[in-house]
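Following: one structure in structure tokens, then a few remarks.
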Amino acid sequence: PRVEAVHYPGLPSHPGHEVAARQMSAFGAMLSFRVKGSREETLAVSGRVALFTRATSLGGVESLIEHRATSEGPGSTTPENLLRVSVGLEHEDDLRADLEQALAG
């Protein structure tokens, strides 16, 4: 209930899904989502995760979360309530539970 939107080409509802399905054998481990709330509420969500590392990188095996607008700096056109996630090797149930508790506040 605290998620406004999920951006992931593996979802049939994603505008690029058909193109991604033609080009990829799997959809990958990158996604982003928008928190229902302000920049401050979104930053608080990213601060409450326990398994995700707050960082900008695509090359590791650990799960990462990033507030993209902060990384881009002043003038960013990225929505202030967007978090980008790179899923690593941790168990999906653990990652899901971590995000759920972070969103619950």
Side-chain angles (χ1 to χ4, degrees):
R2 295 270 330 270
V3 174
E4 180 180 309
V6 176
H7 306 285
Y8 180 66
L11 294 173
S13 60
H14 188 277
H17 177 75
E18 289 184 30
V19 171
R22 285 194 310 270
Q23 294 178 345
M24 302 176 192
S25 60
F27 293 105
M30 290 292 302
L31 64 103
S32 61
F33 65 94
R34 293 195 322 252
V35 175
K36 286 183 183 174
S38 66
R39 172 189 176 93
E40 291 73 25
E41 290 169 302
T42 302
L43 289 168
V45 169
S46 71
R48 285 192 292 267
V49 294
L51 294 179
F52 289 83
T53 299
R54 291 192 306 176
T56 301
S57 176
L58 305 176
V61 296
E62 66 282 348
S63 292
L64 307 175
I65 193 165
E66 166 193 48
H67 183 252
R68 191 73 203 133
T70 297
S71 297
E72 292 173 351
S76 172
T77 59
T78 298
E80 294 288 344
N81 65 336
L82 184 132
L83 293 172
R84 185 170 76 171
V85 174
S86 175
V87 178
L89 298 178
E90 300 88 354
H91 194 278
E92 67 181 272
D93 293 341
D94 296 333
L95 294 172
R96 182 177 291 128
D98 191 28
L99 285 174
E100 287 173 354
Q101 67 79 27
L103 286 161

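Positions are given from 1, in the same order as the sequence printed here. Predicted, not measured: the structure shown is a model, and the values here were computed from it.
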> Taking all non-hydrogen atoms of both residues, which atom of Ala102 and which atom of Val49 are closest, and how far apart?
Replying inline: CB-CG1, 3.8 Å

>> With rounding to the nearest 0.5 angstrom, report the CZ to CG distance, Arg54 to Leu83.
In response: 10.0 Å

> Do Tyr8 side-chain atoms and Ala29 backbone N/O form a donor-acceptor pair below 3.5 Å?
Replying inline: no

> Does any non-hydrogen side-chain atom of Arg2 lie less than 4.5 Å from one of Val35?
Replying inline: yes

> Does Ser46 use its side chain to pair, donor to acceptor, with the backbone of Leu43 at less than 3.5 Å?
Replying inline: yes

> Any link between Leu99 and Val45 through a network of hydrophobic side chains (Ile, Leu, Val, Met, Phe, Trp, Tyr) touching at under 4.5 Å?
Replying inline: yes

> For Glu18, does the CD atom sit with more than 12 other heavy atoms under 6.0 Å from it, leaving out its own atoms?
Replying inline: no

>> What I'd like to find out is whether the side chain of Arg68 reaches to under 4.5 Å of the side chain of Thr56, using heavy atoms alone.
In response: yes

> Side chains of Leu82 and Thr42: closer than 4.5 Å at any heavy-atom pair?
Replying inline: no

> Is the backbone N or O of Arg48 less than 3.5 Å from a side-chain atom of Gln101, with the two atoms forming a donor-acceptor pair by type?
Replying inline: yes

> Yes or no on side-chain contact (heavy atoms from CB on, under 4.5 Å) for His7 and Arg34, after CA distance, side-chain angles and deciding distance?
Replying inline: CA-CA 8 Å; His7 306 285; Arg34 293 195 322 252; 3.0 Å; yes

>> Is a donor from one side chain sitting under 3.5 angstrom from an acceptor on the other, for Glu62 and Thr53?
In response: no

> Considering all heavy atoms of both residues, which atom of Ser71 and which atom of Glu66 are nearest to each other, and what is their separation?
Replying inline: OG-OE2, 2.9 Å

> Does Leu103 reach the side chain of Phe33, with side-chain heavy atoms less than 4.5 Å apart?
Replying inline: yes

> Do the non-hydrogen side-chain atoms of Leu31 and Leu11 ever get within less than 4.5 Å of each other?
Replying inline: no

>> Quick one: does any side-chain atom of Glu72 pair with a main-chain N or O of Ala69 as donor and acceptor, under 3.5 Å?
In response: no

>> In this structure, would Leu64 and Leu95 fall into the same cluster of hydrophobic residues linked by side-chain contacts under 4.5 Å?
In response: no

> Are the side chains of Val87 and Glu92 in touch, meaning some heavy atoms are under 4.5 Å apart?
Replying inline: no

> Distance from Asp93 atom CG to Glu100 atom CD, nearest 0.5 Å?
Replying inline: 9.5 Å

>> Donor-acceptor pair, distance only, cut-off 3.5 Å: does the side chain of Ser32 make one with the backbone of Arg84?
In response: no

>> Tell me whether Phe27 shares a hydrophobic cluster with Val19, the cluster being built from Ile, Leu, Val, Met, Phe, Trp, Tyr side chains joined at under 4.5 Å.
In response: no

> Side-chain contact, heavy-atom cut-off 4.5 Å: Glu90 with Phe52?
Replying inline: no

>> Has His67 got a side-chain atom pairing as donor or acceptor with Glu80's backbone, closer than 3.5 angstrom?
In response: yes

